[in-house]
Amino acid sequence: MVHMTTPPRRPTARSGPLFFALVLLAGVWVPRSAPATDFLLGDTVRAGIYVDPPVTISESYGGYSGLGVELWEIVAKRMRLNTEYVVFDTFNDMLQACGNGDIDIVIHIVGVSSKRASYLWYSFPWHMTSARIMTLESKTSSFWDEFQRFHHFRAYTIFGIIFTVMVVAMTLLRRKLEKDFPPDWKTGITLCMRDVVKALRSGKLNQTQLGWFGCLLSVLWMIFGVTASAYFTSSIASAMSSSTIQRRDLTGLAQLTGKTIAVVTGDANQQLLDDLGMRTVHYDTLDTCVQALLAGEVDAVVNTGSSLEWYDRAHPELPIRVVGDSFNPMPCGFATSRENVAFMDKVSVELIWLYETGKIEELRSRYISGR
């Protein structure tokens, strides 16, 4: 069952004033360290994007779409601004470029954190995101699948060869030594096959008529019989157990303890996992995180729930799935450098209006809940 990120509730008469008061307070909880700049009508805004569906999607015709891109284009149209998109290979590079002033705004859901607030300025938090876990898909193997594993197949082949050689050798010896032994080969081999199976079950082979060689053969057969019986019993029990036991899923944050987790460099969830002492491996993109999971280099991937769900739906051929409940809820919005405070305040006004009118919820339903 796919869990979708729950859209934020539209403000009511009771919750609206308190909510927007908190938004306004967010603009003063970090000291402004640089003079504010602004954009005039008709100016071109350098908007940084990092392809990460469903927030930013690269279209086949060369343009971009997605929840964040479409929302920004509505805001830019209302503010009468032009947009020049600057594409980055990694999320972390985009944030650094924004902090350095190389771009004017980050068109993505940037999680609010104290570390980022030291060099970024946030817009109205128009999106609430949370993390999910991606693991390899659990599969239940059948008894026959387990029974055909290579080490069982090889062992049973060896036992079969020894059994066949023993039946043929006993048939030849008994035809030579026993006068009343059936002359018909079919009857003789069947009789010896029965005796070999009986000897296999009891671990005893009575061949005293062959002298010392017969005694040695009886000892060797006793060892073989005990070994074969023990292996047959354990292999069948193992196959039956494996066919009914599934691999334990990683369904929650607590179960990640001691596991190796792939995270995207610069993602807000990276800081959470590092603070909890989790064993993390950092990758540049979500795609490289998933490839590491498929290669067995990590046990799980932690990322934004909507991104993991989109990736899973876009790659139905891969043995991956998103599991467990969401965790680490975090308000998100657009971001800019701390020199563009006045510009971002105007963007926030437009975002608040779009939130009040239900346009943001409509976009969220189309790109996240409706998928």
Side-chain angles (χ1 to χ4, degrees), residues 1-10 15 19 22 50 52-57 66-68 71 91 108-116 122 124-138 248-283 285-287 289-290 292-293 298-316 318 320-333 355 360-371:
M1 177 179 180
V2 178
H3 296 268
M4 298 299 182
T5 307
T6 304
R9 294 181 303 172
R10 295 176 59 184
S15 63
F19 180 77
L22 293 175
Y50 157 67
D52 181 24
V55 183
T56 48
I57 304 170
L67 172 61
L71 179 60
F91 182 72
H108 207 81
I109 48 173
V110 184
V112 177
S113 69
S114 58
K115 182 178 180 180
R116 290 174 178 172
Y122 292 96
F124 164 74
W126 54 270
H127 182 75
M128 178 67 73
T129 188
S130 57
R132 294 286 301 279
I133 300 171
M134 174 181 282
T135 65
L136 292 177
E137 188 176 27
S138 296
R248 185 182 182 186
D249 288 328
L250 303 176
T251 58
L253 185 60
Q255 290 180 301
L256 293 177
T257 303
K259 305 295 183 181
T260 304
I261 311 160
V263 293
V264 176
T265 303
D267 184 76
N269 297 301
Q270 172 192 334
Q271 182 176 346
L272 169 68
L273 296 177
D274 290 343
D275 291 344
L276 293 175
M278 300 288 189
R279 186 190 308 156
T280 59
V281 182
H282 305 163
Y283 295 90
T285 64
L286 175 58
D287 186 65
C289 287
V290 176
L293 176 64
V298 297
D299 300 305
V301 177
V302 170
N303 201 275
T304 302
S306 56
S307 297
L308 292 180
E309 291 160 3
W310 185 287
Y311 194 99
D312 188 17
R313 287 190 295 268
H315 300 84
L318 298 180
I320 55 177
R321 64 172 181 168
V322 183
V323 299
D325 296 327
S326 59
F327 58 93
N328 193 29
M330 181 177 299
C332 301
Y355 186 87
I360 291 180
E361 185 174 341
E362 176 188 329
L363 292 175
R364 286 169 50 85
S365 298
R366 176 147 44 97
Y367 282 102
I368 298 179
S369 301
R371 291 278 176 168

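Along the sequence shown, residues are numbered consecutively beginning with 1. Predicted, not measured: the structure shown is a model, and the values here were computed from it. What's counted below: heavy atoms across the whole structure, side chains too, no hydrogens, waters or symmetry copies.
When the ring pair (Phe, Tyr, Trp, His ring centres under 6.0 Å) test is applied to Tyr311, the partners found at least two apart in sequence or on another chain are His315. Checked against side-chain hydrogen bond (donor to acceptor under 3.5 Å, both in side chains), Asp52 has the following partners two or more places apart in sequence or in another chain: His108, Ser307. Residues meeting the side chain to side chain contact (heavy atoms under 4.5 Å, CB included) test with Thr285, sequence neighbours left out: Tyr50, Asp287, Thr288. Asp267 pairs by the side-chain hydrogen bond (donor to acceptor under 3.5 Å, both in side chains) definition with Asn269, not counting sequence neighbours. With sequence neighbours excluded, the residues forming a side chain to side chain contact (heavy atoms under 4.5 Å, CB included) with Ala314 are Trp310, listed by chain and number.
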Could you tabulate the donor-acceptor pairs under 3.5 Å formed by side-chain atoms of residues 271-279, not counting sequence neighbours?
from   : atom 1 : to     : atom 2 : distance (Å)
Asp274 : OD1    : Thr280 : OG1    : 2.9
Arg279 : NH1    : Gly258 : O      : 3.3
Arg279 : NH1    : Thr260 : OG1    : 3.3

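Between Asp312 and Ile320, the shortest heavy-atom contact is OD1-O, 3.3 Å. When all heavy atoms are compared, the tightest approach of Val302 to Leu256 is CG2-CD1, 3.8 Å. When all heavy atoms of Pro316 and Arg313 are compared, the closest pair comes out as CD-O, 3.5 Å. Taking both residues in full, the closest heavy atoms of Cys332 and Thr129 are given as SG-CG2, 3.1 Å, listed atom of the first, atom of the second, then distance. Closest approach of His282 to Gln270, counting heavy atoms only: CE1-NE2, 3.2 Å. Summarising the geometry of Pro54 relative to Ser306, their closest heavy-atom pair is CD-O, 3.7 Å, with the distance given to 0.1 Å.
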*Please step through side chain to side chain contact (heavy atoms under 4.5 Å, CB included) for the pair Val281 and Tyr283, ending with a clear verdict.*
CA-CA 7 Å; Val281 182; Tyr283 295 90; 3.4 Å; yes

*For side chain to side chain contact (heavy atoms under 4.5 Å, CB included), just list the numbers for Asn303 and Met134, CA-CA rounded to whole Å, side-chain angles, deciding distance to a tenth of an Å, and then say yes or no.*
CA-CA 8 Å; Asn303 201 275; Met134 174 181 282; over 6 Å; no

_Residues Ile133, Leu308; criterion side chain to side chain contact (heavy atoms under 4.5 Å, CB included); working and verdict_ = CA-CA 8 Å; Ile133 300 171; Leu308 292 180; 5.9 Å; no

*Does the pair Val298 and Cys289 meet the rule for a side chain to side chain contact (heavy atoms under 4.5 Å, CB included), with working shown?*
CA-CA 8 Å; Val298 297; Cys289 287; over 6 Å; no

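Within the model, atoms CG of Asp299 and OG1 of Thr135 stand 10.0 Å from one another, a figure rounded to the nearest 0.5 Å. In this structure, Asn328 CG and Thr304 OG1 are separated by 9.5 Å, a value rounded to the nearest 0.5 Å. Taking CZ from Phe124 and CD1 from Ile360, the interatomic distance works out to 6.0 Å, rounded to the nearest 0.5 Å.
Side-chain contact between Pro125 and Tyr355: absent, with no pair of heavy atoms (C-beta onward) separated by less than 4.5 Å.
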